**Student:** 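I'd like to ask you about the structure that follows.
All figures in this text were calculated on a predicted structure; none of them were measured in a lab.
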Amino acid sequence: MDSEAIRVDRLRHVYGDRVALNDISFRVHRGELFGLLGPNGGGKTTLFKILSTLMTPSGGTAFIFGDALSAPAVVRRHLGVVFQHPSLDGKLTVHENLICHGHLYGLHGSALQERARTVLARLGLLERAGDRVETLSGGLQRRAELAKALLHQPPLLLLDEPSTGLDPGARRDFLQYLRQLRDEEGITIVLTTHYMEEAERCERVAILHQGNLVRVGTPAALKEEVGGDVVVMHAPDPQALQGKIRGRFGCDPTLIDGTLRVERPRGHELVRDVVDAFPNDVTLVTYGKPTLEDVFIHLTGHRFWGGDSNVGGDA
């Protein structure tokens, strides 16, 4: 327990007859940057709401630094939370937002002013402290949200889709700020995301699909599970090509959303052989090292963005 920031044991939640979380269990280590990766509907937001004490689970248990979620007032002292949707008052200045938030945590006077100045300086916002939030760029607003969450010096930071709405450059900058916080201050960070780039930056990733926890591991270890290269082939008649490749090369391509996928070492050799053998049956072939999206397909049989696409031999 001493090394754990979060312990989740057989957590379950249902909405009516729909299972949003299905007996999931995992651990987050102290000082870890941990990602919850999954498409919409996978269970990320429900899990975030439970961990942030906004929702009571239907079953199972969870602990934050050893304190049970059943004691939310105690747990909230450990938490800094950044929601997917803005929680700052756009008509107030950045500094005014922080002061209002500090009062909620019992901070007052010079101690609050000093703490506000410290977090604003830490996040490069000191010169914008007097600006109304609504005048800031999207990236600066997210940094102001982060400053608010860190004001009371929580040991755990929970972020729900933190870079939603940011352009790629602002997203990279925000991720860099998170890594610096983790490295320099030892804060445990847990974020939900559907961006592969964010998940790649995490030390470990939990992959969620339809309420199930399908795998937890480092991005590198998860990609190693795929094995070799991922070859994707487009064809006018993918089922016919699937049968030809199976008969000629002894491998079994997976048919998903009208394309054929093969996980195979030295994928470039398969590309060459298939094109040479069936030049009129292939319109496009790509191959490359596995990505986290390939991991998701490998583990679930579904595209990350494609919902419940039919996958399999002759489906």
**Student:** What's the shortest heavy-atom distance between V14 and R12, and which atoms?
**Tutor:**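 Minimum heavy-atom separation between V14 and R12: CG1-NH2, 4.0 Å.
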**Student:** Mind listing the closest non-hydrogen atom pair of L69 and L51 along with its distance?
**Tutor:** CD2-O, 3.9 Å
**Student:** Can you tell if the side chain of F249 reaches within under 4.5 Å of the side chain of V262, non-hydrogen atoms only?
**Tutor:** no
**Student:** Applying the 4.5 Å side-chain criterion to the ILVMFWY set and letting contacts propagate, would Y195 and L33 be lumped into a single cluster?
**Tutor:** no
**Student:** Going by atom types alone, do N97 and D89 pair a side-chain donor with an acceptor below 3.5 Å?
**Tutor:**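 On atom types as modelled, these side chains do not qualify, holding no pair under 3.5 Å.
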**Student:** Treating D294 as the side-chain partner and T291 as the backbone partner, does any N or O pair qualify as donor plus acceptor under 3.5 Å?
**Tutor:** yes
**Student:** For T188 and R30, indicate whether the former's side chain and the latter's backbone hold a donor-acceptor pair under 3.5 Å.
**Tutor:** no
**Student:** Would you confirm whether K44, through its side chain, and L36, through its main-chain N or O, come within 3.5 Å as a donor-acceptor pair?
**Tutor:**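 Such a contact is absent between K44 side chain and L36 backbone.
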**Student:** Taking T135 for the side chain and R132 for the main chain, is one N or O donor matched with an acceptor at less than 3.5 Å?
**Tutor:** yes
**Student:** What I'd like to find out is whether the side chain of K148 reaches to under 4.5 Å of the side chain of S87, using heavy atoms alone.
**Tutor:**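 In short, these two side chains touch, coming nearer than 4.5 Å.
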**Student:** What closest approach, in Å, do T53 and P72 show between heavy atoms, and which atom pair accounts for it?
**Tutor:**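 Answer, listing the atom of T53 first, then P72: CB-CB, 3.9 Å.
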**Student:** Are R201 and T193 linked by a side-chain donor-acceptor pair shorter than 3.5 Å?
**Tutor:** no
**Student:** Could you check whether any side-chain N or O of D167 sits under 3.5 Å from a backbone N or O of G169, counting only pairs where one atom can act as donor and the other as acceptor?
**Tutor:**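 Yes.
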**Student:** Indicate the ring-plane relationship of Y105 and H152, choosing parallel, tilted or perpendicular according to the 30° and 60° boundaries.
**Tutor:**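 The rings of Y105 and H152 lie parallel, inter-plane angle below 30°.
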**Student:** Yes or no on side-chain contact (heavy atoms from CB on, under 4.5 Å) for L150 and L181, after CA distance, side-chain angles and deciding distance?
**Tutor:** CA-CA 10 Å; L150 294 170; L181 283 170; 3.5 Å; yes
**Student:** Look at the aromatic rings of F304 and F296 and report parallel, tilted or perpendicular, splitting at 30° and 60°.
**Tutor:**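 Ring orientation, 0 to 90° scale: perpendicular.
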**Student:** Under a 4.0 Å threshold between the charged nitrogen and the carboxylate oxygen, would R171 count as salt-bridged to E198?
**Tutor:** no
**Student:** Is there a donor-acceptor contact under 3.5 Å from the side chain of R27 to the main chain of V8?
**Tutor:**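 Pair found, side chain donor or acceptor close to backbone of V8.
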**Student:** Closest heavy-atom contact between L98 and A144?
**Tutor:** CD1-O, 4.4 Å
**Student:** Show the numbers, then the answer: is there a side-chain contact (heavy atoms from CB on, under 4.5 Å) between R179 and L175?
**Tutor:** CA-CA 6 Å; R179 291 193 69 89; L175 290 172; 5.7 Å; no
**Student:** Is the shortest side-chain N to carboxylate O distance from R264 to D252 below 4.0 Å?
**Tutor:** no
**Student:** Is it the case that atom CD in E184 sees more than 12 heavy atoms from other parts of the structure closer than 6.0 Å?
**Tutor:**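 Yes - once you tally the heavy atoms of other residues, nucleotides and ligands closer than 6.0 Å, there are more than 12.
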**Student:** Is there a side-chain contact between R142 and S163 in this structure, where contact means two heavy atoms from C-beta onward sitting under 4.5 Å apart?
**Tutor:**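 A side-chain contact under 4.5 Å is absent here.
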**Student:** State, without any angle test, whether H298 and E225 hold a side-chain donor-acceptor pair at a distance under 3.5 Å.
**Tutor:**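 Judged by distance alone, the side chains do not pair up.
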**Student:** If hydrophobic clusters are built from ILVMFWY residues whose side chains come within less than 4.5 Å, do V295 and V214 share one?
**Tutor:**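 Yes: a chain of side-chain contacts under 4.5 Å links V295 to V214.
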**Student:** Quick check against the 3.5 Å criterion: does S25 have a side-chain atom that pairs as donor or acceptor with the backbone of R10?
**Tutor:** yes
**Student:** Does the side chain of F83 reach to within under 4.5 Å of the side chain of E145, using non-hydrogen atoms?
**Tutor:**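 Sidechains of E145 and F83: no contact.
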**Student:** Within the structure provided, determine whether L157 and L178 are in side-chain contact (heavy-atom separation under 4.5 Å).
**Tutor:** yes
**Student:** For the backbone of D160 and the side chain of Q84, can you confirm whether one donor and one acceptor N or O come within less than 3.5 Å of each other?
**Tutor:**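 No; zero donor-acceptor contacts below 3.5 Å.
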**Student:** For residues S58 and H13, is any side-chain donor paired with an opposing acceptor at under 3.5 Å?
**Tutor:** yes
**Student:** Quick one: does V133's side chain get under 4.5 Å of V94's, heavy atoms only?
**Tutor:**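 Side-chain contact under 4.5 Å: yes.
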**Student:** Do D173 and R143 meet the salt-bridge criterion of a basic N to acidic O distance under 4.0 Å?
**Tutor:** no
**Student:** Is there side-chain contact between Q180 and R122, with heavy atoms separated by less than 4.5 Å?
**Tutor:** yes
**Student:** Between D237, D281, V274, which is the residue that forms a side-chain contact (heavy atoms from CB on, under 4.5 Å) with K244?
**Tutor:**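 With K244 as partner, D237, D281, V274 yield a single side-chain contact (heavy atoms from CB on, under 4.5 Å), made by D281.
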**Student:** Distance check, rounded to the nearest 0.5 Å: E203 atom CD versus I189 atom CD1?
**Tutor:**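 E203 CD to I189 CD1: 9.5 Å, rounded to 0.5 Å.
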**Student:** Run the numbers on H95 and Q113 for side-chain hydrogen bond (donor to acceptor under 3.5 Å, both in side chains), then give the verdict.
**Tutor:** CA-CA 9 Å; H95 182 262; Q113 294 292 339; 2.9 Å; yes
**Student:** Does the R115 side chain pair with the main chain of L151, one donor and one acceptor, at a distance under 3.5 Å?
**Tutor:**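 Such a contact is found between R115 side chain and L151 backbone.
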**Student:** Is there a path from L284 to I297 through hydrophobic residues (I, L, V, M, F, W, Y) whose side chains come within less than 4.5 Å of each other?
**Tutor:** no
**Student:** With heavy-atom distances below 4.5 Å as the criterion, would you say the side chains of R266 and L270 are in contact?
**Tutor:**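 They are not in side-chain contact.
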**Student:** For the residue pair F34 and F26, does the interplanar ring angle fall in the parallel (under 30°), tilted (30 to 60°) or perpendicular (over 60°) class?
**Tutor:**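 Correct class here is parallel.
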**Student:** Would a hydrophobic clustering, with Ile, Leu, Val, Met, Phe, Trp and Tyr connected at side-chain separations under 4.5 Å, put I99 with L146?
**Tutor:** yes
**Student:** If the threshold is 4.0 Å, N to carboxylate O, is there a salt bridge linking K223 and E200?
**Tutor:** yes
